[in-house]
Asker: 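My structure is below; once you've seen it, I'll send some questions.
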Amino acid sequence: MFSVIKNLKNNFKLLNRLNCTTEVSPPVSVKFGVRMFKSAVYNLEEASPDKIQDFLNSFDTVLTDCDGVLWINNNSIPGSADAINYFRKLGKKIFYVTNNSTKIRSDFAVKAQQMGFIAEPEEILSTAYLVAHYLKGIGFTKKVYLIGSNGIGDELKAVGIRHIGIGPDPVKPDFKSMTTSDLDPEVGAVVVGFDEHVSYPKFMKAASYLAKEECLFIATNTDERFPKSSSIIIPGTGTLVRAVETCSERKALVLGKPNDYVRKFLESFGLNPARTLMIGDRCNTDIEFGVRCGFQTLLVLTGVTSVKDLERIRTERKQPLPDVVLPKLGDIIKLTAS
């Protein structure tokens, strides 16, 4: 993981060759709540101390992705905890917004705390929690068939929603002989999250439940892959969601980023989109989410989006474009000290 950071420092020189200062509007008065560097792909390392201060003054709430921004697997990205804790010291509200559905909020909080982040369970917005919150909010009383992990199951249980499906469902030699007697008549929703035990029988059951129009179809997210810590590619939840969508011939309601359910959830707590910063490592989820919701966006290059990806995005003006960019989140500490 540390080699990734070293490579970022070397490769980020490419970013400095980009014409990052064109199309950048001068900082506007923060009282108007306007994104300072809207879609500018502005390299914050080139900003003057006054611009850095204006940037810090332009938001009250920080939403941050976790995997690829704060940590990779169980390794904290250097400086990320200092940066988040610094934002908190400045009086910013902090929310950890993750598409990872494998843990409950308290487990995410413990993980963050062990890496040096100040974090409380109430500040964690995981897709597992959002699924439970959504179903509880619409008065769902039936049973959930879950392609997913204990993270979703435990969050459903916490709000009194029954579920089945967690764990292996082995492929039998006569798997095509599955009948309606193998299905639970109480199931009223299919939820798809990350499931390391995914199998053909699970797809069959999900599609069969979804053959009933009244059965709800919910997905945690559609991330294509996990942030890379090596040359091994780990397929993300989007792989499973697309498979179920294909065999059921239905589209899922996706609650995670880049969809705006998180914004709707937070607005009940007084969130002001114009005074909110979204930090992420991938453009098609984190930055897209921020753009859709009217947030300022900060892209870091410690996860999915690489320097080469960014160069292509900038050259082609491929939407969505981040407002500002840093090699890694911890660099904000160095910039504020200069």
Asker: Could you walk me through whether Arg282 and Asp223 pass side chain to side chain contact (heavy atoms under 4.5 Å, CB included), step by step?
Answerer: CA-CA 10 Å; Arg282 62 171 92 202; Asp223 292 14; 3.8 Å; yes
Asker: Under 6.0 Å from the six-membered ring centre of Phe217 and within 45° of its axis: does the NZ or CZ of Arg250 meet both?
Answerer: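 No, Arg250 does not lie over the aromatic ring of Phe217.
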Asker: Minimum heavy-atom separation for Ala83 to Gly330, with atom names?
Answerer: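 Closest heavy-atom pair between Ala83 and Gly330: CB-CA, 4.2 Å.
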Asker: For the pair Asp281 and Val304, evaluate side chain to side chain contact (heavy atoms under 4.5 Å, CB included) and give the outcome as yes or no after the intermediate values.
Answerer: CA-CA 6 Å; Asp281 70 301; Val304 172; 3.6 Å; yes
Asker: So Ile77 and Val69, do their side chains get closer than 4.5 Å, heavy atoms only?
Answerer: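 Contact flag for Val69/Ile77 side chains = no.
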Asker: Does Thr315 reach the main-chain N or O of Glu311 with its side chain, forming a donor-acceptor pair under 3.5 Å?
Answerer: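 Yes, the answer is positive, given that a donor and an acceptor are paired below the 3.5 Å cut-off.
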Asker: Of the non-hydrogen atoms in Pro201 and Val171, which two are nearest, and what is the gap between them?
Answerer: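 Nearest pair, atom of Pro201 first, then Val171: CD-CG2, 3.5 Å.
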Asker: Do Glu155 and Arg105 touch side chain to side chain, with heavy atoms closer than 4.5 Å?
Answerer: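 In contact.
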Asker: Would Lys92 count as a cation-pi partner of Phe87, with NZ or CZ less than 6.0 Å from the six-membered ring centre and within 45° of the ring normal?
Answerer: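 Negative - Lys92 is either too far from the ring of Phe87 or too far off its axis.
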Asker: With rounding to the nearest 0.5 angstrom, report the CD1 to CD1 distance, Ile138 to Ile218.
Answerer: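 Here the interatomic distance stands at 6.0 Å.
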Asker: May I ask you to say whether Asp60 pairs ionically with Lys93, meaning some side-chain N is under 4.0 Å from a carboxylate O?
Answerer: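 Salt bridge between Asp60 and Lys93, a charged N being under 4.0 Å from a carboxylate O: no.
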Asker: Checking side-chain hydrogen bond (donor to acceptor under 3.5 Å, both in side chains) between Glu224 and each of Thr239, Thr237, Thr285, Asn284, which is the one that passes?
Answerer: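 Going through Thr239, Thr237, Thr285, Asn284 one by one, the side-chain hydrogen bond (donor to acceptor under 3.5 Å, both in side chains) with Glu224 is satisfied by Asn284 alone.
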Asker: Check whether any side-chain heavy atom of Val244 sits under 4.5 Å from a side-chain heavy atom of Phe203, and report yes or no.
Answerer: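 With C-beta onward as the side chain, the pair touches.
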Asker: Hey, are Lys205 and Asp169 close enough for a salt bridge, meaning a charged N less than 4.0 Å from a carboxylate O?
Answerer: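 A salt bridge links Lys205 with Asp169.
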Asker: With side-chain hydrogen bond (donor to acceptor under 3.5 Å, both in side chains) as the test, would you mind laying out the steps for Asn100 and Thr102 before giving the verdict?
Answerer: CA-CA 6 Å; Asn100 189 326; Thr102 62; 2.6 Å; yes
Asker: What I want to find out is whether Glu214 reaches Lys142 closely enough, with some N-O distance under 4.0 Å, to be called a salt bridge.
Answerer: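 Salt bridge between Glu214 and Lys142, a charged N being under 4.0 Å from a carboxylate O: no.
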Asker: Classify the angle between the aromatic ring planes of Phe269 and Phe265 as parallel (below 30°), tilted (30 to 60°) or perpendicular (above 60°).
Answerer: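 Plane angle between 30° and 60°, so tilted.
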Asker: For the atom pair OG (Ser149) and CD1 (Ile104), what is the distance rounded to the nearest 0.5 Å?
Answerer: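 Atom-to-atom, Ser149:OG and Ile104:CD1 are 11.0 Å apart.
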Asker: For Pro273 versus Cys293, what's the shortest heavy-atom pair and its separation?
Answerer: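 Scanning both residues, the minimum pair turns out to be CB-O, 3.3 Å.
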Asker: Hey, which of Phe140, Tyr129, Tyr261 is the one that makes ring-ring contact (aromatic ring centres under 6.0 Å, His included) with Tyr134?
Answerer: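 Answer after filtering Phe140, Tyr129, Tyr261: Tyr261.
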Asker: Give every residue pair that meets the ring pair (Phe, Tyr, Trp, His ring centres under 6.0 Å) criterion with at least one member in residues 311-333, sequence neighbours excluded.
Answerer: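 Listed by first then second residue: nothing to list.
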Asker: Determine, using the 4.5 Å side-chain heavy-atom cutoff (strictly less than), whether Phe108 and Val262 are members of one ILVMFWY cluster.
Answerer: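 No; Val262 is not reachable from Phe108 via cluster members.
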Asker: Do Gln296 and Ser58 come within less than 4.5 Å of each other through their side chains, counting heavy atoms only?
Answerer: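 The answer is yes; the side chains approach within 4.5 Å.
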Asker: Any pair with a residue in residues 143-190 that passes ring pair (Phe, Tyr, Trp, His ring centres under 6.0 Å), sequence neighbours left out, goes on the list, sorted by first then second residue, please.
Answerer: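 Sorted pair list: Tyr145-Tyr209, Phe175-Tyr200.
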Asker: Take Asn43 and Val325 through the side chain to side chain contact (heavy atoms under 4.5 Å, CB included) test and state the conclusion after the steps.
Answerer: CA-CA 5 Å; Asn43 180 3; Val325 184; 5.5 Å; no
Asker: For a quick test of your reading: what N or O donor-acceptor pairs under 3.5 Å do the side chains of residues 110-119 make, sequence neighbours left out?
Answerer:
from: Lys111; atom 1: NZ; to: Asn73; atom 2: O; distance (Å): 2.8
from: Gln113; atom 1: NE2; to: Ala119; atom 2: O; distance (Å): 2.6

Asker: Passes side chain to side chain contact (heavy atoms under 4.5 Å, CB included), Leu266 versus Leu125? Steps please.
Answerer: CA-CA 10 Å; Leu266 288 173; Leu125 296 180; 3.6 Å; yes
Asker: For Ala206 versus Ile147, what's the shortest heavy-atom pair and its separation?
Answerer: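 Minimum heavy-atom separation between Ala206 and Ile147: CB-CD1, 3.9 Å.
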Asker: Do you reckon Val192 sits in the same ILVMFWY cluster as Leu146, going by side-chain contacts under 4.5 Å, direct or chained?
Answerer: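 Result: no, two separate clusters.
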Asker: Give the minimum heavy-atom separation between Ser39 and Arg317, together with the two atoms involved.
Answerer: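 For Ser39 versus Arg317, the nearest heavy atoms are O-NH2, 3.4 Å.
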Asker: Say you draw a straight line from NZ of Lys257 to CG of Leu63; how long is it, rounded to the nearest 0.5 Å?
Answerer: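 One finds 9.0 Å between NZ of Lys257 and CG of Leu63.
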Asker: Should the pair Lys157-Asp154 be classified as a salt bridge under the 4.0 Å nitrogen-to-oxygen rule?
Answerer: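 No.
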Asker: Can you tell if the side chain of Arg275 reaches within under 4.5 Å of the side chain of Thr61, non-hydrogen atoms only?
Answerer: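 They are not in contact (no side-chain heavy atoms under 4.5 Å apart), so the answer is no.
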Asker: May I ask you to test the Asn259-Arg292 pair for a side-chain heavy-atom distance under 4.5 Å?
Answerer: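 When only atoms from C-beta onward are counted, Arg292 and Asn259 do touch, with a gap below 4.5 Å.
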Asker: Rounded to the nearest 0.5 Å, what separates atom CD1 in Ile84 from atom CD1 in Ile279?
Answerer: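 Result: 5.0 Å between the selected atoms.
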Asker: Does Asp67 form a side-chain hydrogen bond (donor to acceptor under 3.5 Å, both in side chains) with Trp71? I'd like the steps, not just the answer.
Answerer: CA-CA 5 Å; Asp67 296 293; Trp71 55 70; 3.3 Å; yes
Asker: Output the distance between atom CG (Leu310) and atom OG (Ser306), rounded to the nearest 0.5 Å.
Answerer: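 Taking CG in Leu310 and OG in Ser306, the distance rounds to 8.0 Å.
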Asker: Look at the side chain of Asp182 and the backbone N and O of Thr179, then say whether any donor-acceptor pair between them is shorter than 3.5 Å.
Answerer: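 Answer holds: yes.
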Asker: Same cluster for Val324 and Leu56 if Ile/Leu/Val/Met/Phe/Trp/Tyr side chains link at under 4.5 Å?
Answerer: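 Linked, Val324 and Leu56 end up in one cluster.
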Asker: So, taking the atom named CG in Leu255 and the one named CG in Asn221, what distance separates them when rounded to the nearest 0.5 Å?
Answerer: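 It is 10.0 Å, given to the nearest 0.5 Å.
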Asker: With no hydrogens and no angle check, is any side-chain donor or acceptor of Thr297 less than 3.5 Å from a backbone partner on Pro322?
Answerer: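 A pair under 3.5 Å: no.
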Asker: Are Val187 and Met178 connected, step by step, through hydrophobic side chains (Ile, Leu, Val, Met, Phe, Trp, Tyr) whose heavy atoms are closer than 4.5 Å?
Answerer: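 Val187 and Met178: separate clusters.
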Asker: Any side-chain heavy atom of Met278 sitting closer than 4.5 Å to one from Asp65?
Answerer: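 Side chain of Met278 against side chain of Asp65, heavy atoms only: contact under 4.5 Å found.
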Asker: Taking the side chain as every heavy atom from C-beta outward, state whether Val131 and Ser101 have any pair of such atoms under 4.5 Å apart.
Answerer: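 Answer no - side chains too far apart.
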Asker: Looking at every non-hydrogen atom in both residues, tell me the closest pair between Pro121 and Ala109 and how far apart they are.
Answerer: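 In terms of heavy atoms, the two residues are closest at N-CB, 3.7 Å.
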Asker: So, are Lys328 and Asp331 salt-bridged, with charged N and O less than 4.0 Å apart?
Answerer: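 Here Lys328 pairs with Asp331 in a salt bridge, since their nearest N and O are under 4.0 Å apart.
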Asker: Do you reckon Ile94 sits in the same ILVMFWY cluster as Leu298, going by side-chain contacts under 4.5 Å, direct or chained?
Answerer: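 Hydrophobic grouping puts Ile94 with Leu298.
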Asker: Between Lys251 and Glu245, does any NZ, NE, NH1 or NH2 come within less than 4.0 Å of an OD or OE carboxylate oxygen?
Answerer: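 Yes, Glu245 and Lys251 are salt-bridged.
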